[in-house]
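Every chain is numbered from 1, with letters handed out A, B, ... down the list of sequences. Values in this document were obtained by computation on a predicted structure and should not be read as measured data.
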Amino acid sequence: MRAFAKCVARAPYHAVPHSSLPSPHPLLQTFAGLCRHGAFSEAIAAMASLEVLGLVADSISYSDLIKLCVRHGAVEQGRLLHRHLSSGGRAPELFLSNSLMGMFVRFGLADEARKVFDAMPVRNVVSWTTMISALTNLGQAEEALRLLISMQREGIAPNRYTFSSVLKACLTSASLRSMHGCIVKHGLESDVFVRSSLIDVCSKFLDMDYGYRIFNEMATRDLVVWNSIIGGFAQGGDGYMAITLFTQMKKAGFFANQSTLTSALRACTGMVLLEMGRQLHVHVLKYNPDLILNNALLDMYCKCGDLEEADELFDRMPERDVISWSTMISGLAQNGRSTDALKLFESMKVLGPKPNHITLLGVLFACSHAGLLEDGRHYFSSMRQLFDIEPGSEHYGCMVDLLGRAGKLEDAMKFIADMSFEPDIVIWRTLLGACRVHKDSNLAAFAAKQVLRLEPEDEGAYILLSNIYADSHQWTEAEQVRRSMRDCRVKKEPGRSWLELGKQIHVFIAGDMSHPQADGIKKELSKLLTRTTAMGYVPDTDFVLHDVGKEQKEESLRYHSEKLAIALGVMNSTGAKPIRIMKNLRICGDCHTFAKLVAKSESMTIIIRDPVRFHHFKDGSSSSPSA
DNA sequence: TTAGGGTTAG
């Protein structure tokens with residue numbers, strides 16, 4: 001009733017008789033009709049005639065024409081329209097200026113949007129929000145925040161649209177919290193759009209406690225909010241939390257969309273949960289998965305070591321972008337199929353999109369892990385010439401790894417010295433690792449000092465340095481390093497291996513026999529040791545770095561976490577599926593040999609993933625030459 | 001006429 005009364009009140013009781021109004025120019029009527037009916041080219045042509053005659057049409061027609069320019073992606077015509085509306089040096093009216101800004105933003109022409117904005121004599125909240133949103137999307141955070149302050153100085157209050165946009169411009173946890181305070185002051189803290197932005201920004205700062213609190217305080221949630229919180233945990237590395245929330249979301253009655261599934265898959269990838277990833281794949285098949293979801297699925301199979309499934313998916317994908325190709329190339333390389341990775345890169349050069357710096361990282365990784373020194377040099381030197389990619393520190397790191405593995409420590413050192421920028425900690429760590437393998441304690445000491453200069457609490461450097469001294473039986477020096485480690489309160493992260501059996505995850509720590517089936521595992525391990533010893537396995541006590549007796553060393557090797565996991569895997573294996581084991585530290589040389597022989601004696605496939613790569617053991621051979 | 005979520009490496 002109230003709406004009806006309003007209409008009546010606005011009705012033109014004293015309308016001017018038609019005959020007394022000047023009749024509009026016929027061209028204006030034609031122009032209005034063309035705009036209203038979407039006749040784009042004709043409307044633009046008519047606009048040129050209006051210009052010649054010095055006629056100005058009505059705002060609704062111009063607004064329709066702006067929408068048509070956007071729909072047709074017609075940048076030049078849009079500019080023409082802007083010029084037409086600004087003719088005579090006057091700014092278009094507020095509503096039209098806002099629309100023009102929106103049009104330029106959609107065309108990615110923020111500078112031109114800014115010109116419209118600056119020329120406006122009056123601006124409303126939409127004008128300010130459009131400009132702020134354009135700036136945040138361009139990463140011009142400071143300018144966006146400056147505009148937020150200016151608009152308030154001019155007496156315009158930001159609304160839910162403004163805050164949803166400007167939150168991306170918070171670059172520190174502190175600025176996020178102060179912006180949250182501002183949102184509360186404006187009474188907008190319960191808006192779902194604002195909250196999902198808040199949660200998203202929290203995840204960027206890895207401040208998920210704060211994000212989770214905001215999420216929990218919400219009375220009503222929509223799918224995007226669930227996606228923000230699940231995505232936040234998945235990207236922040238807390239896969240367990242992401243999966244838990246994914247389950248809760250489904251219980252709350254929401255249906256996962258492509259975005260949700262992408263995050264859930266990322267969580268599985270992070271935790272190397274192949275079985276759960278496969279279950280999600282079944283879920284994905286209900287949709288027509290888009291490129292991003294397929295890429296996430298591809299990455300999950302690669303990172304979980306199921307290359308057959310990854311290969312098949314890659315072939316089946318209806319569309320592949322640079323991420324798909326890079327994922328597959330790195331996946332092959334990480335799973336020990338470097339030659340296939342390089343073959344795929346060669347076909348990408350012919351059939352695929354232009355490689356980017358990440359693609360080249362995968363290629364160099366493939367070379368370094370297969371010891372393909374010359375290929376590596378070739379690809380590295382071709383980066384600039386062929387692909388216009390400037391090598392970054394990661395690419396240099398791969399080259400140092402490649403030279404280091406090949407035992408060319410001096411070349412690696414020279415390579416570092418020739419770098420145009422300061423070597424970072426990763427490069428020094430890589431050199432240090434190579435020094436350990438090739439037992440160059442002098443260079444190792446130098447590299448370790450560089451690492452500790454950049455990161456005084458780097459436990460890896462202490463351990464590697466101590467290992468080098470222990471390898472060369474310099475026990476006093478080894479002990480000295482361990483003592484400085486203790487002084488700095490740096491502790492060695494314990495080796496941890498885990499495997500999925502059904503829906504259970506079994507975790508083992510070196511020497512820890514608290515597993516409920518510990519007795520069975522011990523027996524199985526003895527059996528496996530007897531069989532592998534008969535095949536020539538000799539415990540490689542070089543990998544035990546304490547100054548202890550031979551028997552003690554062997555005892556310590558026997559219960560390395562990956563050996564315990566292998567034993568449990570063999571006990572529960574039907575032989576049909578590979579045994580998949582994950583490890584938090586790099587696999588040691590002794591366990592590498594042991595796994596290879598167990599795979600042969602038991603006729604099984606064993607796949608061990610360490611933080612750097614996968615090791616596939618089958619028929620007594622391995623995808624990796626050594627640890 | 002203005003707003004929020006998902007993919008490769010590290």
Q: What's the closest nucleotide to the A:Phe95 side chain, out of B:dT8, B:dT1, B:dG6?
A: B:dT1

Q: Does A:Asp290 make a side-chain donor-acceptor contact with the base of B:dG6, cut-off 3.5 Å?
A: yes

Q: Would you mind reading off the distance between A:Lys168 atom NZ and B:dA3 atom P, rounded to a whole angstrom?
A: 9 Å

Q: Would you confirm whether the ring centroid of A:Tyr396 sits within less than 6.0 angstrom of the ring centroid of A:Phe421?
A: yes

Q: Measure CG/A:Asn137 against C1'/B:dA3 and give the value in whole Å, please.
A: 10 Å

Q: Can you check the A:Asn356 CG to B:dG10 P distance for me, whole Å?
A: 13 Å

Q: How long is the line joining CE of A:Met101 and P of B:dT2, in whole Å?
A: 11 Å

Q: Taking NE2 from A:His357 and C1' from B:dT8, how many angstroms apart are they, rounded to a whole number?
A: 9 Å

Q: Any donor-acceptor pair under 3.5 Å joining the side chain of A:Ser164 to the base of B:dG4?
A: no

Q: With no angle test and no hydrogens, is the base of B:dG4 tied to the side chain of A:Asp222 by a donor-acceptor pair under 3.5 Å?
A: yes

Q: Establish, from distance only, whether the side-chain atoms of A:Ser61 and A:Asp64 form a donor-acceptor pair under 3.5 Å.
A: no

Q: Between A:Ser86 and A:His82, is there a donor-acceptor pair closer than 3.5 Å when you use the side chain of the first and the backbone of the second?
A: yes

Q: Output the single nucleotide from B:dG6, B:dA3, B:dG10 whose closest atom is nearest the side chain of A:Ser133.
A: B:dA3

Q: Name the closest nucleotide to the A:Phe193 side chain, picking from B:dT1, B:dG4, B:dG10.
A: B:dG4

Q: Between B:dA9 and A:Lys303, is there an OP1 or OP2 to side-chain N/O distance shorter than 4.0 Å?
A: yes

Q: Please report, rounded to the nearest Å, how far the P atom of B:dA9 is from the CG atom of A:Asp424.
A: 18 Å

Q: Using a strict 4.0 Å threshold on nitrogen-to-oxygen distance, state whether A:Glu309 and A:Arg278 make a salt bridge.
A: no

Q: Pick base, sugar-phosphate or nothing for A:Val192, based on heavy-atom distances below 4.0 Å to the nucleic acid.
A: base

Q: Tell me whether the side-chain N/O atoms of A:Arg266 come closer than 4.0 Å to OP1 or OP2 in B:dT7.
A: yes

Q: For A:Ile229, answer base if it contacts any base atom (sugar-phosphate contacts may also be present), sugar-phosphate if it contacts only those atoms, and nothing otherwise; contact means non-hydrogen atoms under 4.0 Å.
A: nothing

Q: Across the strands shown, which category fits A:Leu261 at heavy-atom distances under 4.0 angstrom: base, sugar-phosphate, nothing?
A: nothing

Q: Nearest-Å distance, CE (A:Met218) to P (B:dG4)?
A: 15 Å

Q: How would you label the contact of A:Val105 with the nucleic acid (heavy atoms, under 4.0 Å): base, sugar-phosphate, or nothing?
A: nothing

Q: Using the ring of A:Phe40 (Phe, Tyr or Trp, six-membered ring only), decide whether A:Arg71 places NZ or CZ under 6.0 Å from its centre and within 45 degrees of its axis.
A: no

Q: Atom CG of A:Leu344 and atom C1' of B:dT8: how far apart are they, to the nearest Å?
A: 13 Å

